[in-house]
There are 2 protein chains.
Amino acid sequence: MATIREVASRASVSVGTVSNVLSGTVPVSTRLRDRVLAVVRELDYQPNQLAQSLKSRHTKMIGMVLRDITDPLFPQMMRGAKDAAWARNYLLVMLDSDAKVEREQQILVALRTRRVDGILLAPTGPEESHIRAVRDAGVPIVCLGRELPGLGLDCVLADNYKGAHQSVVHLASMGNRSIAFLHGDRADPVEQERFAGYRRGLQDAGLAFEASLEAGSHSGLDEGYRAGAALAKRNPRPNAILAADAMLAAGLLRALRDMGLRSPADIAIAAFDDPFCCDVLRPRLTAVAQPSYEIGAKAMEILLSRIHEPERRRSKTVLDTILHIRESSSPLSSAAT
Amino acid sequence: MATIREVASRASVSVGTVSNVLSGTVPVSTRLRDRVLAVVRELDYQPNQLAQSLKSRHTKMIGMVLRDITDPLFPQMMRGAKDAAWARNYLLVMLDSDAKVEREQQILVALRTRRVDGILLAPTGPEESHIRAVRDAGVPIVCLGRELPGLGLDCVLADNYKGAHQSVVHLASMGNRSIAFLHGDRADPVEQERFAGYRRGLQDAGLAFEASLEAGSHSGLDEGYRAGAALAKRNPRPNAILAADAMLAAGLLRALRDMGLRSPADIAIAAFDDPFCCDVLRPRLTAVAQPSYEIGAKAMEILLSRIHEPERRRSKTVLDTILHIRESSSPLSSAAT
DNA sequence: CTGAAAGCGCTTACAG
DNA sequence: CTGAAAGCGCTTACAG
C-alpha cells in the first residue's frame with residue numbers, strides 16, 4: 001500500500017503538505033492541492049490509521065464485548081450502539097467472550113493494547129478484577145444490561161423489577177390467582193431483580209406467595225420442560241407461570257402440550273426477553289421485552305461523552321421494559337390453542 | 001498508560017533491553033530481566049500494539065463483516081471463525097454492514113486503514129467494486145456463504161444445490177407427489193442454487209414441475225403468510241412445500257393454521273437454514289441446516305493460510321448441509337398437529 | 001549481554 | 001503558503 005512519502009514524492013511536495021491537504025486543517029494553494037489529490041487518487045492512497053493513532057492518541061474505535069452473541073438480546077443492542085457510533089464517526093467492533101471469564105479477560109487486554117477509545121461490556125459474571133485492571137489503565141467502560149457493584153462504572157440496563165411487576169399485575173388482571181415463577185439462574189442479579197418484582201407484584205395484586213410457586217434451577221429448553229412439567233403437576237396447579245427467560249418458556253410450552261394442557265386456558269404464560277421465536281410459537285408468547293436497541297444506543301452515547309469528558313459523574317441509566325401481551329396470557333388476542 | 005520508556009528508566013536499562021526481555025527473542029541477563037519484569041508488573045505495562053504493528057507490519061487482527069448480525073446463520077459462523085482465530089493467536093472483531101452496500105464499503109475502508117491482516121466477508125449484494133478495491137490494496141479476503149463471481153476470492157459455502165435436492169427426495173419419499181417451492185429473493189444466487197436443486201430433485205424423484213408450484217417474491221414472515229396461503233389455496237393443493245428460508249416457513253405455518261390446515265397431514269413443510277425457532281415451532285420444522293460453525297472455522301483457516309502464503313491458489317470450499325427431519329415432514333416423528 | 005540509533009507512517013508546531 | 005524536523009511507542013540490526 002502507498003505511503004504518504006510516495007504520494008509526496010510523486011506530487012513533488014513535502015509529506016507535511018500532503019498531510020495538510022488531506023486533513024484540511026491548514027490552507028494549501030489550489031495548485032499543490034490538486035496535484036496531491038490527483039496522486040492520492042492515482043495511488044488509491046489511504047492514510048495508515050495505525051500511524052495516525054500513534055500520534056493523535058485515539059483510534060476512533062470502540063470495542064463491544066458480549067457475553068454470548070447467540071443470545072437474541074444482543075443483535076439489536078449492537079445495532080443501537082453501532083448507529084450511535086457511526087453518527088459520531090467511530091468504528092464499533094464486536095467481540096464474543098463466550099461466557100468465559102478468561103476469554104473476556106483476554107479480549108479486554110487485546111482491546112486495551114490496541115488502544116480502543118472505549119469499551120461497551122456485557123459482562124460474563126460477577127468476577128471483576130480483570131475489568132478493574134483495564135478501567136484503572138484509563139480506558140472508559142460502560143456496562144450493558146447489568147451493574148457491576150464494585151467498580152463505579154457507567155451502566156445502562158432495563159428495569160427488570162418494574163417489568164416483572166407489570167407482568168404479574170397483568171397476569172393477575174386476567175383472573176389468575178396463583179402465579180408461579182420459573183427460575184433460570186437464581187444467582188444472577190438480573191434474575192433476582194425479576195424475582196423481587198414478581199414478589200412485589202403478587203403482593204400488590206393481593207396474591208399469596210408460597211414456596212411451591214417456585215421451580216427451575218438453570219436455564220435452557222430442557223430445564224423449562226422438566227421444571228415446567230413439575231409445576232404443572234402440582235396440586236393445586238398454578239393458573240399462570242412467569243418464566244425467567246423465553247427459552248424456559250419454550251420448554252414449558254412443550255411440556256404443557258405433551259401433558260395435554262392448553263395455554264392460556266389451563267395455564268397462562270409470560271416470559272422475559274422477547275426473541276423472535278416468542279412471536280412464532282404456538283400460542284404466541286406474552287413477553288417482557290428489553291429495549292435492546294435503546295440500551296445499546298444510550299450506552300454508546302454515554303461512552304462517547306465519557307471519552308470526551310473523563311471526569312463526568314458516573315451515571316446509571318434504567319430503561320423501561322415493554323410488555324407484549326400475546327395469546328399465551330390473553331385468550332382475547334386471537335384464537336389461542 | 002505506561003510506555004516502554006518509563007519502564008526502561010525506572011529499571012535503569014535501555015528501551016531496547018526492555019523490548020528484548022518482553023519479546024524473548026534475544027537473551028538478557030537474569031539480573032536485568034528480573035528488574036525489568038518487576039517494573040512491568042509494578043506499572044502494569046502493556047506494550048502499545050499500535051506502535052508494534054507500525055513496525056512489524058501486521059496487526060494480528062481479523063475483521064469479520066456480516067451482512068446482518070440478526071440472521072441466525074451468523075452467530076455460529078462467528079463462533080467457528082473466532083475459535084480458529086484464537087487458536088492461532090489472532091483477534092477476531094465483528095462488524096455489521098446492515099445489508100447496505102455503502103455501509104459495507106465504509107467498513108471495508110475502515111478496516112483497511114486500520115491495517116487488519118485479513119477480512120472474512122459475508123457480502124451484502126452483487127455489487128463488488130468496493131470489494132475489489134480493498135482486495136487490490138492487498139488485503140486478503142475470504143467470502144462467506146457465497147461466491148463473488150468477478151473477483152477470484154477464496155470462498156467457503158454450503159452445498160445449497162445438494163441440500164435442496166436431498167430435501168425434495170426426502171419429501172417425495174414420504175409420499176408427496178406435488179412439491180411446491182416458496183421463494184424469498186429470486187435474484188439471490190444462493191436461492192437460485194436451492195431452486196435448481198429443487199428442480200433436479202423433482203426430476204430425479206420422477207415428479208413434474210409446473211409454474212403453479214412456485215410462489216413468493218421476497219422474504220419475511222408476512223410474505224410467508226401471504227404466499228403460503230395462496231399456495232395452500234391452489235387447486236389441486238400441493239402436498240408439500242419447500243421454503244427458501246425458515247422465516248417464510250414460519251409465516252406459512254401461521255397461514256395453514258389460520259386456514260385450519262395441518263402439517264404434515266395436509267401439507268408437509270421443509271425449510272432452509274435452521275434457526276433455533278425451527279425446533280420450537282409447532283409442528284417442529286424440518287430444516288436444511290448450513291454447517292455454520294464449520295463454514296466459519298474453515299474460512300478462518302483459509303484466510304490465515306493466505307495471509308502467510310499470499311500466492312497460494314485460490315480455493316472454493318463447499319460443505320454439505322444437514323437435513324434435520326422433524327414433525328413438519330414426518331408424521332412418525334412424534335405427535336404432530 | 002547491552003545500549004545508541006534508525007525507522008515504521010503519520011502530524012504538528014516552527015521557520016521561512 | 002510550504003518545507004524541514006521532532007516525535008508518537010515500539011523493534012531491530014549494529015557496535016561495543
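Owing to the predicted nature of the structure, the values given are computational and were not obtained by experimental measurement.
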Ion pair [X]/[Y], N-O distance below 4.0 Å:
X: R146(A); Y: D188(A); value: yes
X: D98(A); Y: R79(B); value: yes
X: R112(A); Y: D44(B); value: yes

Touch class at under 4.0 angstrom, heavy-atom based, for L32(B) against every strand present: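 L32(B): backbone/sugar contact only, no base atoms under 4.0 Å.
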Touch class at under 4.0 angstrom, heavy-atom based, for S19(B) against every strand present: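 Here S19(B) touches the bases of the nucleic acid.
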Counterpart base for dA15(D), defined by Watson-Crick or G-U wobble contacts under 3.5 Å: dT2(C)
Measure from the side chain of [X], starting at C-beta and using heavy atoms only, and say which of [options] lies closest.
X: N48(A); options: dC8(D), dT11(C), dC10(C); value: dC10(C)
X: L54(B); options: dC8(C), dC8(D), dT11(C); value: dC8(C)
X: Q52(A); options: dG3(D), dT11(C), dC8(D); value: dT11(C)
X: S14(B); options: dA4(C), dC8(C), dC10(D); value: dA4(C)
X: A51(A); options: dG3(D), dC10(C), dC10(D); value: dC10(C)

Rounding to an integer number of Å, can you tell me how far [X] [atom1] sits from [N] [atom2]?
X: L50(A); N: dC8(C); atom1: CG; atom2: C1'; value: 10 Å
X: M1(A); N: dG9(C); atom1: CE; atom2: P; value: 11 Å
X: R33(B); N: dC1(C); atom1: CZ; atom2: P; value: 12 Å
X: K55(A); N: dA5(D); atom1: NZ; atom2: P; value: 16 Å
X: N20(A); N: dA13(C); atom1: CG; atom2: P; value: 11 Å
X: R57(A); N: dG7(D); atom1: CZ; atom2: C1'; value: 10 Å
X: H58(A); N: dT11(C); atom1: NE2; atom2: C1'; value: 11 Å
X: R5(B); N: dC8(D); atom1: CZ; atom2: C1'; value: 10 Å

Any [X] side-chain N or O less than 4.0 Å from OP1/OP2 of [N]:
X: T17(A); N: dG3(D); value: yes
X: S29(B); N: dT2(C); value: yes
X: R115(B); N: dC8(C); value: no

Name of the residue among I131(B), L108(B), D96(B) meeting side chain to side chain contact (heavy atoms under 4.5 Å, CB included) with V65(B):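 Only one of I131(B), L108(B), D96(B) forms a side chain to side chain contact (heavy atoms under 4.5 Å, CB included) with V65(B), namely L108(B).
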Option passing salt bridge (charged side-chain N to carboxylate O under 4.0 Å, His left out) with D154(A) (candidates R306(A), R135(A), K298(A)):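 Passing option: R306(A).
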